[in-house]
**Q** 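Input: one structure, supplied below.
A note on names: the letters A, B, ... follow the listed sequences, proteins ahead of strands, and every chain is numbered from 1.
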Number of protein chains: 2
Amino acid sequence: MEDVLRTVAERWALLIVREVSLGRRRFDELQAATGAPRAVIADRLRRLVEAGVLATRPYRAPGRRTHSEYVLTPAGIDLLPLQAALAQWGARHGTTEPGLDFRHVACGGHVEAVLVCECGQQVSPHERLVAQIN
Amino acid sequence: MEDVLRTVAERWALLIVREVSLGRRRFDELQAATGAPRAVIADRLRRLVEAGVLATRPYRAPGRRTHSEYVLTPAGIDLLPLQAALAQWGARHGTTEPGLDFRHVACGGHVEAVLVCECGQQVSPHERLVAQIN
DNA sequence: CGGTATCCTATAAGATACTG
DNA sequence: CAGTATCTTATAGGATACCG
């Protein structure tokens, strides 16, 4: 868990994954969107690729020169529930500024991160829940 | 979102919320469980109380002197989906060491953080999902 | 217990310029 | 574009001791 906290649960890394999931995939876009120093962006991208969260690939926009871009790997996509949970908490208890919002393509509805038991029931974090290790 | 990242999505803060949700509520327990320097624990507890995630209250164990302990507020409990999502990612893609695990009191089943659309459908992060701002 | 205080070191961050 | 390089300042972290 320790290195999970240091890589994917780190401030700039969370922002970068968020921006990538919003469709920003290029170095300069990510730099501009997050406001982080270029060296920080470079460092986090390196770590995230190393951690298997992002992959880099060459991309050629119609008519433009080829460049590279960062995309979510399957492991990166598995971070979306975390992103959703974070955005939800921010919307409810943090700032009022707009945040990340996931939508269901099939119906356009708003998607939330919730807790569900393997018995099929949705579980409120405020009750019926116990934490343990393992 | 910026200060959400700096407070609740910060390394030691995440560890502390985790430990508190596991029932560790006292300063020294938290220090021992996380391994963070005492000054760091003190700082994060202060910030988390300030952010409304934790509350401190006096507590008297049967036969022991009164001491203070930290408990999750409702806003703190709202962080549990985030904790679950983080633990899940760690279990799937991170270390193999044991992590946080939520159980449904009613049935003992394992509880997971999943994405659910307001239309009622559970949504896989790997499809049918689009991210946007707001 | 539940913190503060100190001190020193190690990273991280911000600004800015440069290169293939 | 996509990074490196450099430099300076700001935080964070670790160790340890002390106090009400």
Side-chain angles (χ1 to χ4, degrees), chain A residues 1-20 22-51 53-72, chain B residues 1-20 22-51 53-72:
Chain A
M1 185 95 305
E2 255 302 271
D3 39 296
V4 170
L5 292 176
R6 285 172 179 281
T7 55
V8 308
E10 185 272 337
R11 183 187 173 200
W12 297 114
L14 286 167
L15 270 177
I16 286 174
V17 168
R18 174 186 124 136
E19 295 304 327
V20 170
L22 281 166
R24 291 186 184 112
R25 306 179 160 169
R26 308 219 302 272
F27 189 96
D28 281 10
E29 281 182 309
L30 294 170
Q31 196 279 318
T34 59
R38 303 177 70 78
V40 170
I41 299 292
D43 174 76
R44 296 308 187 277
L45 288 174
R46 205 177 305 120
R47 289 171 188 270
L48 287 169
V49 167
E50 218 175 276
V53 169
L54 297 180
T56 177
R57 61 173 202 207
Y59 174 73
R60 182 195 321 254
R64 283 214 222 35
R65 280 230 302 309
T66 176
H67 56 253
S68 55
E69 63 174 13
Y70 293 87
V71 294
L72 293 175
Chain B
M1 185 96 305
E2 255 302 271
D3 39 295
V4 170
L5 293 177
R6 284 173 181 278
T7 56
V8 307
E10 185 272 337
R11 183 188 173 199
W12 298 113
L14 286 167
L15 271 177
I16 287 175
V17 168
R18 175 186 122 136
E19 295 304 327
V20 170
L22 282 166
R24 293 189 182 109
R25 308 182 158 164
R26 309 220 302 273
F27 190 96
D28 282 9
E29 282 182 308
L30 295 169
Q31 196 279 318
T34 59
R38 302 177 69 78
V40 170
I41 300 291
D43 175 77
R44 296 307 188 279
L45 288 174
R46 205 178 304 120
R47 289 171 188 269
L48 288 169
V49 167
E50 219 177 275
V53 169
L54 296 180
T56 177
R57 62 172 200 208
Y59 174 72
R60 182 194 322 252
R64 283 215 221 33
R65 281 233 299 310
T66 177
H67 57 251
S68 55
E69 63 174 15
Y70 292 87
V71 294
L72 293 175

**Q** Going through the distances and angles, do A:Glu2 and A:Arg6 end up as a side chain to side chain contact (heavy atoms under 4.5 Å, CB included)?
**A** CA-CA 6 Å; A:Glu2 255 302 271; A:Arg6 285 172 179 281; 3.8 Å; yes
**Q** Rounded to whole Å, how long is the line connecting atom CD1 of A:Ile41 with atom C1' of D:dC1?
**A** 14 Å
**Q** Enter the distance from B:Leu30:CG to B:Tyr70:OH here, rounded to the nearest 0.5 Å.
**A** 8.5 Å
**Q** On the nucleotide D:dA2, are OP1 or OP2 found under 4.0 Å from the side-chain N or O atoms that A:Arg25 carries?
**A** no
**Q** Is B:Trp12 close enough to D:dG13 that one of its side-chain N or O atoms is under 4.0 Å from OP1 or OP2 there?
**A** yes
**Q** Is a donor-acceptor contact shorter than 3.5 angstrom present between the side chain of A:Arg26 and the base of D:dA2?
**A** no
**Q** Measure from the side chain of B:Tyr70, starting at C-beta and using heavy atoms only, and say which of D:dC1, C:dA12, C:dG3 lies closest.
**A** C:dG3
**Q** Pick base, sugar-phosphate or nothing for B:Tyr59, based on heavy-atom distances below 4.0 Å to the nucleic acid.
**A** nothing
**Q** Nearest whole Å is fine: how far is D:dG3 P from A:Leu54 CG?
**A** 12 Å
**Q** Separation of B:Arg11 atom CZ from C:dA10 atom P, in whole Å?
**A** 16 Å
**Q** Side-chain N or O of B:Arg38 versus OP1/OP2 of C:dT6: is the shortest distance under 4.0 Å?
**A** no
**Q** Counting N and O atoms only, with roles assigned by atom type, does the side chain of A:Gln31 sit under 3.5 Å from a partner on the main chain of A:Ala36, one being a donor and the other an acceptor?
**A** yes
**Q** Starting at atom CG of A:Leu30, determine the distance to atom C1' of D:dC1, rounded to an integer number of angstrom.
**A** 13 Å
**Q** To the nearest Å, how far apart are A:Arg6 CZ and C:dA12 P?
**A** 8 Å
**Q** Could you work out which one of D:dA2, C:dA13, C:dA12 sits closest to the side chain of A:Pro37?
**A** C:dA13
**Q** What is the separation between atom CZ on A:Arg46 and atom C1' on D:dG3, rounded to the nearest whole Å?
**A** 9 Å
**Q** When the distance from CD of A:Gln31 to C1' of C:dA17 is rounded to whole Å, what number comes out?
**A** 14 Å
**Q** If you check the B:Arg47 side chain, which of D:dC1, D:dT4, D:dA12 turns out closest?
**A** D:dA12
**Q** Toward the 5' end of DNA chain D, which comes first, A:Ala39 or A:His67, by nearest nucleotide?
**A** A:His67
**Q** When rounded to the nearest 0.5 angstrom, what distance separates NE2 in A:His67 from CZ in A:Arg57?
**A** 9.5 Å
**Q** What's the CG-C1' distance between B:Leu15 and D:dG13, to the nearest Å?
**A** 14 Å
**Q** Between B:Ile16 and B:Leu54, is the side chain to side chain contact (heavy atoms under 4.5 Å, CB included) condition met? List the steps.
**A** CA-CA 10 Å; B:Ile16 287 175; B:Leu54 296 180; 4.2 Å; yes
**Q** Closest nucleotide of DNA chain C for B:Asp43 versus for A:Asp43: which of these residues is on the 5' side?
**A** B:Asp43
**Q** Out of C:dG2, D:dG3, D:dG13, which nucleotide sits closest to the side chain of B:Ser68?
**A** C:dG2
